[in-house]
Amino acid sequence: YERASAANTRSGELQARLSDLLALVGDVAAPCNDALESGDAARAAPKLDAAAESWRRALQRIRDDAPQLLAAPDLARIEPALVTAESAFRRMYADARQMLSYVRTGQQDNAMSQMAALTRQAQTLTVAIARVESLARTIQTSEHRAQADHAQQLRLAMFSIAACAALIS
């Protein structure tokens with residue numbers, strides 16, 4: 001029971017951190033939307049950089065804590081998906097910086113085009129994070145099955161002991 005409870009707590013912690021990471025995707029895109037609307041790229045740039053740094057820190061926290069939250073084989077399954085998400089984030093951030101550059105220089109058509117690219121990249125990033133979440137849920141489901149199997153084995157052992165005790169008495 002204690003092992004099952006600890007495993008559920010760890011799985012829940014990982015799921016919460018991944019949800020936070022997903023929420024930060026919108027925070028990265030928001031300054032670009034504001035700049036496109038207002039034309040003020042100078043004000044949006046620090047907000048973009050702060051949001052991007054928050055996203056990077058959140059990903060790093062997941063990576064730093066993952067060895068405590070996941071068994072080594074499970075960590076090996078999730079790491080490639082985290083790498084994919086990080087790569088998508090880097091492309092999204094580059095698109096965002098380019099979009100702000102276009103706004104700064106008054107190239108509205110290019111800015112709009114770049115915003116579309118940023119939106120597509122945000123979707124790719126969202127899908128990549130969803131993939132990590134899906135893997136984490138699969139791992140959690142496997143842990144639940146293993147716990148259920150272990151509980152069944154304990155029940156069988158208990159019944160066997162009770163049967164032996166009944167025969168002896």
Side-chain angles (χ1 to χ4, degrees), residues 5-144:
S5 179
N8 285 335
T9 299
R10 288 189 307 271
S11 291
E13 181 66 27
L14 179 60
Q15 291 288 342
R17 290 180 188 204
L18 290 168
S19 291
D20 292 345
L21 191 66
L22 188 58
L24 289 170
V25 173
D27 293 349
V28 173
C32 296
N33 287 320
D34 294 345
L36 202 54
E37 214 171 68
S38 69
D40 190 354
R43 191 175 69 182
K47 291 178 184 178
L48 170 64
D49 292 339
E53 185 56 31
S54 292
W55 194 92
R56 286 184 198 102
R57 278 195 313 269
L59 178 64
Q60 192 58 51
R61 276 192 306 275
I62 290 169
R63 282 198 165 123
D64 289 347
D65 294 343
Q68 289 80 40
L69 300 174
L70 296 166
D74 296 331
L75 180 58
R77 288 174 61 194
I78 283 184
E79 183 57 30
L82 288 173
V83 169
T84 299
E86 185 176 27
S87 178
F89 171 78
R90 281 195 304 271
R91 288 189 303 273
M92 179 185 167
Y93 181 69
D95 286 341
R97 296 299 301 175
Q98 183 62 49
M99 196 282 291
L100 290 180
S101 175
Y102 287 140
V103 169
R104 190 176 307 105
T105 58
Q107 299 178 53
Q108 287 309 102
D109 288 343
N110 287 338
M112 291 294 287
S113 219
Q114 195 65 40
M115 189 66 196
L118 184 148
T119 301
R120 284 189 301 274
Q121 204 54 52
Q123 179 61 30
T124 299
L125 176 55
T126 299
V127 168
I129 295 169
R131 173 74 178 131
V132 179
E133 288 179 317
S134 176
L135 285 169
R137 280 190 303 277
T138 298
I139 290 165
Q140 185 177 30
T141 299
S142 294
E143 287 173 351
H144 286 158

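Looking at Met92 and Val28, their side chains come closer than 4.5 Å, going by heavy atoms from C-beta outward. Between Ser19 and Glu133, the closest side-chain pair of non-hydrogen atoms falls below 4.5 Å. Residues Trp55 and Leu125 have side chains in contact (heavy-atom distance under 4.5 Å, counting atoms from C-beta outward). At least one side-chain heavy atom of Leu36 sits under 4.5 Å from a side-chain heavy atom of Gln108. Between Tyr102 and Met115 there is no side-chain heavy-atom pair separated by less than 4.5 Å. For the pair Val83 and Glu79, the minimum side-chain heavy-atom distance is below 4.5 Å.
Nearest heavy atoms, Ala44 versus Leu100: CB-CD2, 3.9 Å. Smallest separation of non-hydrogen atoms from Leu18 and Ile129: O-CG2, 3.8 Å. Looking at every heavy atom in both residues, Leu70 comes nearest to Leu14 through CD2-CD2, 3.8 Å. Scanning all heavy atoms of the two residues, the minimum distance from Ala111 to Met99 falls at O-CG, 3.3 Å. Minimum interatomic distance between Asp64 and Gln68 (heavy atoms only, all atoms of both residues): O-OE1, 3.4 Å. The shortest heavy-atom contact between Thr124 and Ala88 is CG2-CB, 4.1 Å.
None of Gln60, Arg56, Arg63 except one satisfies the side chain to side chain donor-acceptor pair (under 3.5 Å) rule with Glu86; the exception is Arg63.
Between the CG atom of Leu24 and the CG atom of Leu59 there is a distance of 10.5 Å, given to the nearest 0.5 Å. Considering CZ of Arg17 and CG of Leu69, their distance stands at 6.0 Å, rounded to 0.5 Å. Between atom CG of residue Asp34 and atom CZ of residue Arg43 there is a gap of 7.0 Å, rounded to the nearest 0.5 Å. We find the CD-CG distance between Gln15 and Asp20 to be 11.5 Å, quoted to the nearest 0.5 Å. Rounded to the nearest 0.5 angstrom, Asn110 CG and Thr105 OG1 are separated by 7.5 Å. Residue Leu75 holds its CG atom at 8.0 Å from CG of Leu82, rounded to the nearest 0.5 Å.
At distances below 3.5 Å, at least one donor-acceptor pair connects side-chain atoms of Ser54 with backbone N or O atoms of Ala50.
Side chains of Ser87 and Arg91: a donor-acceptor N/O pair is present below 3.5 angstrom, by distance only.
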CA sep, side-chain torsions, deciding dist, call: Gln98, Leu118, side-chain contact (heavy atoms from CB on, under 4.5 Å): CA-CA 9 Å; Gln98 183 62 49; Leu118 184 148; over 6 Å; no
Candidate pair Leu48 and Tyr93, rule side-chain contact (heavy atoms from CB on, under 4.5 Å), full reasoning: CA-CA 8 Å; Leu48 170 64; Tyr93 181 69; 3.9 Å; yes
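Heavy atoms of other residues, nucleotides or ligands lying less than 6.0 angstrom from CZ of Arg131 number 12 at most.
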